[in-house]
Amino acid sequence: MILHNPRLLTAAAWLGGGQLALSLIPPADADQVPYQGLVALQEGSLADNLEGYMLNSEQLPSRLFLVSTPTSVTGLLLQRLPDDDLASEINLDHADEAWHSIVTLANTVSDEELLNLPAETLLRRLFAEYPCRLYPPRSLSYRCTCSRSKSDRTLRVLDANEIEALLAELGEITVDCEFCGTRYRYDAIDIGTLLNSDPPAPTPDVLH
Ligand SMILES: [Zn+2]
(Lines give C-alpha, C1' and ligand atoms only; values in the text may rest on other atoms or scores of the structure.)
Protein backbone atom coordinates (compact mmCIF):
# COMPACT_ATOMS: atom_id res chain seq x y z
CA MET A 1 0.00 0.00 0.00
CA ILE A 2 1.33 3.43 -0.88
CA LEU A 3 0.98 5.85 1.97
CA HIS A 4 0.90 9.43 1.10
CA ASN A 5 1.12 12.01 3.86
CA PRO A 6 -0.22 15.39 2.69
CA ARG A 7 1.68 17.07 5.53
CA LEU A 8 4.87 16.36 3.63
CA LEU A 9 3.79 18.26 0.54
CA THR A 10 3.13 21.95 0.31
CA ALA A 11 -0.40 22.89 -0.66
CA ALA A 12 1.03 25.55 -2.96
CA ALA A 13 3.00 22.83 -4.79
CA TRP A 14 -0.25 20.92 -5.33
CA LEU A 15 -2.44 23.78 -6.24
CA GLY A 16 -0.18 26.41 -7.76
CA GLY A 17 -1.25 29.96 -7.07
CA GLY A 18 -4.74 28.87 -6.06
CA GLN A 19 -6.94 29.88 -3.19
CA LEU A 20 -8.45 27.73 -0.52
CA ALA A 21 -12.24 27.95 -0.49
CA LEU A 22 -14.23 26.59 2.43
CA SER A 23 -17.96 26.40 1.91
CA LEU A 24 -20.46 25.65 4.63
CA ILE A 25 -23.77 24.83 2.98
CA PRO A 26 -26.46 24.05 5.55
CA PRO A 27 -29.23 21.55 4.74
CA ALA A 28 -32.07 23.09 2.75
CA ASP A 29 -34.44 22.90 5.72
CA ALA A 30 -32.01 24.53 8.17
CA ASP A 31 -32.48 28.13 9.15
CA GLN A 32 -28.89 29.05 8.38
CA VAL A 33 -27.21 30.99 5.63
CA PRO A 34 -24.43 29.44 3.53
CA TYR A 35 -20.97 30.62 4.43
CA GLN A 36 -17.86 30.72 2.34
CA GLY A 37 -14.32 31.64 3.32
CA LEU A 38 -11.57 32.27 0.79
CA VAL A 39 -7.94 32.37 1.85
CA ALA A 40 -4.72 32.58 -0.11
CA LEU A 41 -2.57 29.47 0.18
CA GLN A 42 0.40 29.86 2.51
CA GLU A 43 3.56 27.86 2.82
CA GLY A 44 3.10 24.40 4.25
CA SER A 45 0.75 21.49 3.79
CA LEU A 46 -2.97 21.48 3.19
CA ALA A 47 -3.37 20.56 6.87
CA ASP A 48 -1.20 23.56 7.87
CA ASN A 49 -3.31 25.85 5.73
CA LEU A 50 -6.55 24.58 7.23
CA GLU A 51 -5.14 24.95 10.74
CA GLY A 52 -4.14 28.53 9.92
CA TYR A 53 -7.58 29.25 8.52
CA MET A 54 -9.32 27.94 11.62
CA LEU A 55 -7.05 29.87 13.95
CA ASN A 56 -7.34 33.16 12.08
CA SER A 57 -10.94 33.04 10.90
CA GLU A 58 -12.65 30.94 13.53
CA GLN A 59 -10.35 31.85 16.44
CA LEU A 60 -10.12 28.17 17.25
CA PRO A 61 -6.69 26.61 17.76
CA SER A 62 -6.79 23.38 15.77
CA ARG A 63 -4.59 20.49 14.74
CA LEU A 64 -5.32 18.44 11.68
CA PHE A 65 -3.76 15.12 10.70
CA LEU A 66 -4.41 13.86 7.19
CA VAL A 67 -3.29 10.74 5.44
CA SER A 68 -4.37 9.32 2.12
CA THR A 69 -4.07 6.29 -0.09
CA PRO A 70 -4.95 6.36 -3.77
CA THR A 71 -8.54 5.51 -2.80
CA SER A 72 -9.22 7.13 0.56
CA VAL A 73 -8.40 10.02 2.84
CA THR A 74 -8.54 9.85 6.61
CA GLY A 75 -8.22 12.74 8.99
CA LEU A 76 -8.15 13.58 12.66
CA LEU A 77 -9.13 17.10 13.65
CA LEU A 78 -8.49 18.47 17.12
CA GLN A 79 -10.13 21.74 17.96
CA ARG A 80 -9.87 23.66 21.17
CA LEU A 81 -13.23 24.62 22.56
CA PRO A 82 -13.66 27.84 24.49
CA ASP A 83 -11.72 27.39 27.71
CA ASP A 84 -14.70 27.12 30.04
CA ASP A 85 -16.15 24.21 28.10
CA LEU A 86 -12.83 22.45 27.80
CA ALA A 87 -11.94 22.76 31.48
CA SER A 88 -15.28 21.43 32.69
CA GLU A 89 -15.35 18.69 30.09
CA ILE A 90 -12.13 17.04 31.15
CA ASN A 91 -12.08 18.28 34.70
CA LEU A 92 -8.78 20.11 34.52
CA ASP A 93 -8.13 23.56 35.84
CA HIS A 94 -5.64 24.61 33.26
CA ALA A 95 -7.02 24.55 29.79
CA ASP A 96 -3.66 25.36 28.21
CA GLU A 97 -2.12 22.37 29.88
CA ALA A 98 -4.98 20.14 28.77
CA TRP A 99 -4.75 21.34 25.19
CA HIS A 100 -1.01 20.74 25.04
CA SER A 101 -1.37 17.25 26.53
CA ILE A 102 -4.00 16.31 23.99
CA VAL A 103 -1.98 17.69 21.09
CA THR A 104 1.09 15.80 22.35
CA LEU A 105 -0.91 12.57 22.51
CA ALA A 106 -2.41 13.15 19.07
CA ASN A 107 1.06 13.79 17.63
CA THR A 108 1.89 10.15 18.31
CA VAL A 109 -0.72 8.93 15.83
CA SER A 110 0.78 7.01 12.92
CA ASP A 111 -0.46 6.99 9.35
CA GLU A 112 -1.27 3.29 9.67
CA GLU A 113 -3.37 3.87 12.80
CA LEU A 114 -5.27 6.69 11.13
CA LEU A 115 -6.01 4.63 8.06
CA ASN A 116 -6.78 1.29 9.64
CA LEU A 117 -8.26 1.71 13.11
CA PRO A 118 -11.96 2.25 13.74
CA ALA A 119 -12.55 5.71 15.22
CA GLU A 120 -13.49 4.38 18.65
CA THR A 121 -10.36 2.23 18.94
CA LEU A 122 -8.18 5.10 17.78
CA LEU A 123 -9.66 7.53 20.31
CA ARG A 124 -9.30 5.09 23.17
CA ARG A 125 -5.73 4.29 22.20
CA LEU A 126 -4.65 7.91 21.84
CA PHE A 127 -6.60 9.46 24.69
CA ALA A 128 -6.93 6.56 27.12
CA GLU A 129 -6.66 8.83 30.15
CA TYR A 130 -9.47 11.14 29.06
CA PRO A 131 -13.18 10.51 28.80
CA CYS A 132 -14.17 10.25 25.15
CA ARG A 133 -17.63 10.62 23.73
CA LEU A 134 -18.29 9.41 20.22
CA TYR A 135 -21.13 10.94 18.27
CA PRO A 136 -23.02 8.87 15.68
CA PRO A 137 -21.15 8.87 12.37
CA ARG A 138 -22.56 10.76 9.45
CA SER A 139 -21.84 9.55 5.96
CA LEU A 140 -20.04 11.79 3.52
CA SER A 141 -20.70 12.21 -0.13
CA TYR A 142 -19.12 14.23 -2.87
CA ARG A 143 -21.45 16.65 -4.53
CA CYS A 144 -21.69 20.17 -5.78
CA THR A 145 -24.74 22.39 -5.78
CA CYS A 146 -24.24 23.36 -9.42
CA SER A 147 -26.73 22.16 -12.02
CA ARG A 148 -27.71 22.66 -15.62
CA SER A 149 -30.61 24.87 -14.57
CA LYS A 150 -28.33 27.10 -12.47
CA SER A 151 -26.04 27.33 -15.44
CA ASP A 152 -29.07 28.30 -17.57
CA ARG A 153 -29.85 31.07 -15.08
CA THR A 154 -26.29 32.38 -15.34
CA LEU A 155 -26.62 32.66 -19.11
CA ARG A 156 -30.05 34.26 -18.91
CA VAL A 157 -28.49 37.20 -17.08
CA LEU A 158 -26.77 38.11 -20.33
CA ASP A 159 -28.48 39.98 -23.10
CA ALA A 160 -29.72 37.73 -25.95
CA ASN A 161 -27.62 39.68 -28.48
CA GLU A 162 -24.53 39.18 -26.34
CA ILE A 163 -25.19 35.45 -26.13
CA GLU A 164 -25.65 35.17 -29.88
CA ALA A 165 -22.48 37.16 -30.54
CA LEU A 166 -20.56 34.86 -28.18
CA LEU A 167 -22.00 31.80 -29.88
CA ALA A 168 -21.08 33.13 -33.33
CA GLU A 169 -17.54 33.82 -32.15
CA LEU A 170 -16.90 30.61 -30.23
CA GLY A 171 -19.16 28.03 -31.89
CA GLU A 172 -20.39 26.96 -28.46
CA ILE A 173 -20.73 28.56 -25.06
CA THR A 174 -19.42 26.91 -21.95
CA VAL A 175 -20.21 27.66 -18.33
CA ASP A 176 -17.69 26.24 -15.89
CA CYS A 177 -18.41 25.52 -12.25
CA GLU A 178 -15.41 26.86 -10.38
CA PHE A 179 -15.96 24.50 -7.46
CA CYS A 180 -16.24 21.06 -9.00
CA GLY A 181 -14.94 21.74 -12.50
CA THR A 182 -18.11 20.58 -14.27
CA ARG A 183 -18.42 22.20 -17.66
CA TYR A 184 -21.89 22.92 -19.05
CA ARG A 185 -21.82 23.20 -22.83
CA TYR A 186 -24.34 25.02 -25.01
CA ASP A 187 -24.35 24.59 -28.75
CA ALA A 188 -26.53 26.59 -31.16
CA ILE A 189 -29.52 24.31 -30.56
CA ASP A 190 -29.21 24.59 -26.78
CA ILE A 191 -28.89 28.36 -26.97
CA GLY A 192 -31.93 28.54 -29.29
CA THR A 193 -33.95 26.52 -26.81
CA LEU A 194 -32.75 28.65 -23.91
CA LEU A 195 -33.53 31.96 -25.60
CA ASN A 196 -36.93 30.82 -26.85
CA SER A 197 -38.15 29.37 -23.59
CA ASP A 198 -39.57 31.26 -20.65
CA PRO A 199 -37.40 31.25 -17.57
CA PRO A 200 -38.68 28.75 -15.00
CA ALA A 201 -40.86 30.32 -12.34
CA PRO A 202 -38.89 31.05 -9.20
CA THR A 203 -39.52 28.60 -6.40
CA PRO A 204 -42.05 30.24 -4.09
CA ASP A 205 -40.86 30.89 -0.57
CA VAL A 206 -42.43 28.51 1.87
CA LEU A 207 -43.85 30.22 4.91
CA HIS A 208 -44.06 28.19 8.06
ZN1 LIG B 1 -20.15 22.27 -9.47
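Any value given below was found using the heavy atoms of this structure, including those in side chains, with hydrogens, waters and symmetry copies removed. We count ligands from 1, going down the list as the structure has it; atoms in each ligand are counted the same way.
Remark: Ser62 pairs with Met54, Leu60, Leu77, Gln79 by the side chain to side chain contact (heavy atoms under 4.5 Å, CB included) rule, at least two apart or across chains. In terms of the side chain to side chain donor-acceptor pair (under 3.5 Å) criterion, residue partners of Asp152 (sequence neighbours excluded) are, by chain and number, Tyr186. Residues forming a salt bridge (Lys or Arg N to Asp or Glu O under 4.0 Å) with Arg153 (at least two apart in sequence, or on another chain): none.
Distances from the Zn ion (ligand 1) under 2.8 Å pick out these protein N/O/S atoms: Cys144 SG, Cys146 SG, Cys177 SG, Cys180 SG.
Counting heavy-atom neighbours within 6.0 Å of Leu134 CG, excluding the residue itself, gives a total above 12.
For the residue pair Thr193/Asp190, the side-chain donor-acceptor check at 3.5 Å is not satisfied.
At least one donor-acceptor pair closer than 3.5 Å links the side chain of Thr104 to the backbone N or O of His100.
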